[in-house]
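Inspection log for the structure reproduced underneath, given as structure tokens.
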Amino acid sequence: MPEYVLTPPVLEPAAAEFAAATADPPFLFDLGPVDGRKAVDRASPATSPSPPAPPASCR
């Protein structure tokens with residue numbers, strides 16, 4: 001029977017930073033809706049790019 005070795009996932013730097021920042025309690029599901037929204041707003045950068053609009057032929 002083969003032995004399996006667990007290897008940690010390799011994350012991009014921004015993903016690793018986010019994972020480390022959210023690894024400790026309180027977790028999002030422990031917060032209420034109001035405090036949860038505030039936590040998400042703090043964690044989401046205000047300058048994130050918007051996805052491109054679909055072409056007019058798809059609307």
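The figures here come from the full heavy-atom set of this structure, side chains too, leaving out hydrogens, waters and symmetry mates.
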One should read off an interatomic distance between D35 CG and D30 CG, to the nearest 0.5 angstrom, of 11.5 Å
Any chance CZ of F18 has more than 12 other-residue heavy atoms, nucleotides or ligands included, within less than 6.0 Å?
-> no
Please report the shortest heavy-atom distance between L31 and G36, naming the atom on each side.
-> CB-N, 3.8 Å
Nearest heavy-atom pair of A23 and F27: which atoms, and what distance?
-> O-CE2, 3.4 Å
